[in-house]
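Quick note: numbers below take in every heavy atom, side chains included, and nothing from hydrogens, waters or symmetry partners.
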Amino acid sequence: MKNCIAAVITLCIVMQVNDALDFEKTRTAYSAKIFGFSWENCGKPDDPAVLKTLTLSPDPITVPGDLTASASGNTTVELAAPLAVNVTLEKEVAGFWVTVPCLEEIGSCHYTDGCDLLNLLIPPGQDCPEPLHTYGIPCHCPFKAGAYTLPESDFYLHDIDLPYWLTNGYYRVQGVLGAMGKELGCLKITFSVHSNN
């Protein structure tokens with residue numbers, strides 16, 4: 001599985017982009033290229049939820065376009081609601097990293113329960129989308145303790161509507177997953193975006 005951390009953090013990023021659709025009154029679909037995607041665990045050595053591998057290709061990733069992904073990770077504890085997610089989104093401006101504030105659930109935001117976000121994306125009772133379904137990877141809380149693997153799989157990325165401040169530039173996103181005041185895992189992602197606007 002894209003490990004629970006990666007799934008929830010990626011979901012938060014996707015939810016932020018989708019929320020931007022409601023926030024921005026004028027919407028324009030842009031094609032975009034994502035360059036230099038990289039990731040790293042940023043948690044403590046004893047964090048129970050860890051992403052072991054994540055590979056995305058091609059580089060650049062074209063939106064809309066095809067994406068090939070594989071991932072593996074594990075959690076030593078069950079991940080159940082409520083799972084707090086703290087997202088810090090930064091954009092490079094004139095050589096400095098500037099934190100993007102949380103506006104209408106977009107930017108550097110605290111989400112009280114990532115499980116609720118998953119339920120918004122994939123309603124409870126609905127089968128998990130492919131290829132998660134094929135590989136028996138859950139898409140709803142709770143996530144049982146154990147190892148999860150997503151073999152190399154192909155996806156199609158559809159057009160997305162980007163708010164003006166999420167278009168061209170260098171970005172880094174850090175997501176911290178926690179429950180009951182304890183950190184469960186941390187993931188940091190860096191990339192650059194070039195759009196046609």
Side-chain angles (χ1 to χ4, degrees), residues 1-23 37 39 41-43 47-54 56 61 63 67 69-89 102-151 153-158 160-163 166 173-189 191:
M1 171 178 143
K2 293 177 194 171
N3 181 304
C4 299
I5 297 172
V8 172
I9 292 170
T10 302
L11 172 65
C12 290
I13 295 167
V14 168
M15 293 296 292
Q16 286 184 354
V17 172
N18 286 338
D19 286 345
L21 301 179
D22 295 329
F23 182 66
F37 178 92
W39 67 275
N41 287 299
C42 49
D47 278 354
V50 178
L51 184 66
K52 298 287 189 184
T53 64
L54 175 61
L56 302 178
I61 298 166
V63 182
L67 172 71
S70 64
S72 66
N74 69 301
T75 177
T76 58
V77 299
E78 181 177 79
L79 301 177
L83 285 176
V85 180
N86 286 310
V87 175
T88 303
L89 173 64
C102 185
L103 301 170
E104 301 287 324
E105 300 296 318
I106 304 168
S108 299
C109 300
H110 171 76
Y111 302 94
T112 56
D113 192 1
C115 296
D116 286 343
L117 296 176
L118 288 172
N119 290 339
L120 288 173
L121 187 62
I122 306 163
Q126 182 176 324
D127 285 342
C128 294
E130 291 299 337
L132 301 181
H133 183 73
T134 295
Y135 296 112
I137 299 171
C139 58
H140 292 286
C141 297
F143 295 92
K144 295 179 181 177
Y148 295 92
T149 300
L150 175 68
S153 302
D154 294 323
F155 300 88
Y156 182 76
L157 302 174
H158 296 278
I160 56 172
D161 293 329
L162 297 174
L166 265 184
V173 181
Q174 179 174 297
V176 179
L177 186 66
M180 296 183 287
K182 297 179 75 175
E183 181 178 305
L184 299 176
C186 178
L187 186 69
K188 186 181 289 185
I189 298 169
F191 57 92

* Considering all heavy atoms of both residues, which atom of His140 and which atom of Leu118 are nearest to each other, and what is their separation? -> CE1-O, 4.1 Å

* Asked: Side-chain contact, heavy-atom cut-off 4.5 Å: Leu56 with Phe191?
  -> no

* Evaluate the criterion side-chain contact (heavy atoms from CB on, under 4.5 Å) for residue pair Leu83 and Leu184; output intermediate values, then yes/no. => CA-CA 9 Å; Leu83 285 176; Leu184 299 176; 3.7 Å; yes

* **Spatial distance of atom CG (Leu157) from atom CG (Leu67) [nearest 0.5 Å]** => 5.0 Å

* Check the pair Leu150, Ser70 against side-chain contact (heavy atoms from CB on, under 4.5 Å), reporting the backbone distance first and the verdict last. => CA-CA 5 Å; Leu150 175 68; Ser70 64; 5.7 Å; no

* Let me see the working for Leu54 and Leu187 under side-chain contact (heavy atoms from CB on, under 4.5 Å), right down to the final yes or no. => CA-CA 11 Å; Leu54 175 61; Leu187 186 69; 5.5 Å; no

* Over all atoms of both residues, closest heavy-atom pair of Ala179 and Pro82 -> CB-O, 3.8 Å

Under 3.5 Å, which donor-acceptor pairs do the side chains of residues 130-139 form with other protein atoms, sequence neighbours left out?
residue, atom, partner, partner atom, Å
Glu130, OE1, Thr134, N, 3.3
Glu130, OE1, Thr134, OG1, 2.3
Glu130, OE2, Thr134, OG1, 3.3

* **Distance (rounded to the nearest 0.5 Å) between Leu177 CG and Cys186 SG** => 10.0 Å

* **Straight-line distance of Trp39 CH2 to Leu51 CG, nearest 0.5 Å** => 4.0 Å

* Residues in side-chain contact (heavy atoms from CB on, under 4.5 Å) contact with Cys102, at least two apart in sequence or another chain -> Cys109

* To do: Using side-chain hydrogen bond (donor to acceptor under 3.5 Å, both in side chains) as the criterion, list what pairs up with Asp154, not counting sequence neighbours.
  => Thr68

* **Contacts of type side-chain hydrogen bond (donor to acceptor under 3.5 Å, both in side chains), residue Asn86, not counting sequence neighbours** => His110

* Between CG on residue Asn74 and OH on residue Tyr148, distance to nearest 0.5 Å -> 10.0 Å

* State whether the side chain of Thr149 and the backbone N or O of Pro151 hold a donor-acceptor pair below 3.5 Å, judged by distance alone. => no

* By side-chain contact (heavy atoms from CB on, under 4.5 Å), which residues pair with Ala145, not counting sequence neighbours? -> none

* Asked: Of the non-hydrogen atoms in Ala80 and Cys115, which two are nearest, and what is the gap between them?
  -> C-SG, 4.2 Å

* Partners passing side-chain contact (heavy atoms from CB on, under 4.5 Å) against Asp116 (at least two apart in sequence or in another chain) -> Asp113, Asn119

